[in-house]
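I have placed the structure first, in the form of structure tokens, so that the comments after it can refer back to it.
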Amino acid sequence: KRVYQLVLFGWSDWFEGHVSDAESHWQSAVDLADGESGARSLAALIARIPLSRLDYERGRYDDVELALGGRIGVLEQACTTDLMASATYALAWSHAARGKVADAVALFDRMRLIAAERGWVRMEALAILELLRLTASARPEQADHLAKRLRAIGPSIARKAFSTRWLGA
């Protein structure tokens, strides 16, 4: 319970623009989870996701790979879409930054397919956008297919992003 509380404190600091405080809370959560549940536990993985995103932004790609490599499958089974999307983003783009574009494409494509299968249109759209960024110039035929799919799910995304139903409209 305390691990999740520290992760939430970190997100709160992050959204307020206090990056060093957020990083401190996230690191405390990782340390606590490693000690209480073990480094391979779901609690430790969840605590590592925001730190991995920060590591990616700082160019520490080996740290991202160490924290998340080989663990995306666990996320697919047990985590919310936001956590899974954030982890996949950090890991895939760290692969791309190190020249392993095919690995990055495979991660985003897997995320896209899982999202489509589960009806998670926002995550599917995110995966499509990232795939377009990676492949648009190298694979124009795939980019055209992805863009068509994005247009097809666009109305669903808009409905899920904001609904006036609760207003009585």
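For reference, positions follow the sequence shown, starting with 1. These figures come from a predicted structure and were not determined experimentally.
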**Study point:** Shared hydrophobic cluster, V74 / M123 (ILVMFWY, side-chain heavy atoms < 4.5 Å)
**Key:** yes
Check your understanding: If you measure only the distance, is there a donor-acceptor pair under 3.5 Å linking the side chains of E130 and W93?
Key -> yes
Point to revise | R98 with D62: basic N within carboxylate O range, under 4.0 Å | key: yes
Review point. Distance from W26 atom CH2 to W14 atom CH2, nearest 0.5 Å?
Key: 5.5 Å
Practice item. Taking all heavy atoms of I153 and all of A125, pick out the closest pair and write down the distance. Key: CD1-N, 4.0 Å
Check your understanding: If every non-hydrogen atom of V7 is compared with every non-hydrogen atom of A29, which pair is closest and at what distance?
Key -> CG2-CB, 3.8 Å
Point to revise | Shared hydrophobic cluster, V3 / L75 (ILVMFWY, side-chain heavy atoms < 4.5 Å) | key: no
Practice item. Could you give me the CA-CA distance, side-chain angles and deciding distance for D63 and R58, then say whether salt bridge (Lys or Arg N to Asp or Glu O under 4.0 Å) is met? Key: CA-CA 10 Å; D63 292 343; R58 292 177 173 167; over 6 Å; no
Point to revise | For R71 against S41, the heavy-atom pair lying closest together | key: NH2-O, 3.6 Å
Review point. Would a hydrophobic clustering, with Ile, Leu, Val, Met, Phe, Trp and Tyr connected at side-chain separations under 4.5 Å, put L146 with L126?
Key: yes
Exercise for review: Look up atom CD1 in I114 and atom CD in Q77, then write down how far apart they are to the nearest 0.5 Å.
Suggested key: 9.0 Å
Exercise for review: Apply salt bridge (Lys or Arg N to Asp or Glu O under 4.0 Å) to E76 and R118, showing your working.
Suggested key: CA-CA 11 Å; E76 292 169 357; R118 296 179 182 173; 5.8 Å; no
Point to revise | Backbone N/O of L131 and side chain of T135: donor-acceptor pair under 3.5 Å | key: yes
Point to revise | For L6 against H25, the heavy-atom pair lying closest together | key: O-CB, 3.5 Å
Practice item. Output the distance between atom CD (Q27) and atom CG (L54), rounded to the nearest 0.5 Å. Key: 10.5 Å
Practice item. Just say parallel, tilted or perpendicular for the rings of Y89 and F108, cut-offs at 30° and 60°. Key: perpendicular
Exercise for review: Determine whether L129 and V105 fall in the same hydrophobic cluster, where Ile, Leu, Val, Met, Phe, Trp and Tyr are linked whenever their side-chain heavy atoms lie under 4.5 Å apart.
Suggested key: yes
Check your understanding: Roughly how far, to the nearest 0.5 Å, is CG of L68 from CD1 of I49?
Key -> 6.5 Å
Practice item. Determine the minimum heavy-atom distance between V64 and S52, stating which atoms define it. Key: CG2-O, 3.3 Å
**Study point:** Interatomic distance, R60 atom CZ to L66 atom CG [nearest 0.5 angstrom]
**Key:** 12.0 Å
Point to revise | Option from D55, D34, D31 for which salt bridge (charged side-chain N to carboxylate O under 4.0 Å, His left out) with R48 holds | key: D34
Check your understanding: Sub-3.5 Å donor-acceptor pair from the side chain of S94 to the main-chain atoms of L91, do we have one?
Key -> yes
Study note, to complete from the structure: Smallest heavy-atom separation, R53 atom then S86 atom, equals NH1-OG, 3.5 Å
Check your understanding: Going through the distances and angles, do R2 and E36 end up as a salt bridge (Lys or Arg N to Asp or Glu O under 4.0 Å)?
Key -> CA-CA 10 Å; R2 179 73 176 144; E36 296 285 321; over 6 Å; no
Exercise for review: Name the orientation class of the two ring planes belonging to Y56 and Y61 (parallel below 30°, tilted from 30 to 60°, perpendicular beyond 60°).
Suggested key: tilted
**Study point:** Any donor-acceptor N/O pair, T88 side chain to M84 backbone, under 3.5 Å
**Key:** yes
Review point. Hey, quick one: are Y4 and L83 part of the same hydrophobic cluster, counting side-chain heavy atoms closer than 4.5 Å, chains of contacts allowed?
Key: yes
Point to revise | Atom pair NZ (K148) and CD1 (I128), whose distance is rounded to the nearest 0.5 Å | key: 13.5 Å
Practice item. Kindly determine whether H95 and V101 satisfy side-chain contact (heavy atoms from CB on, under 4.5 Å), including the steps that lead there. Key: CA-CA 6 Å; H95 283 318; V101 176; over 6 Å; no
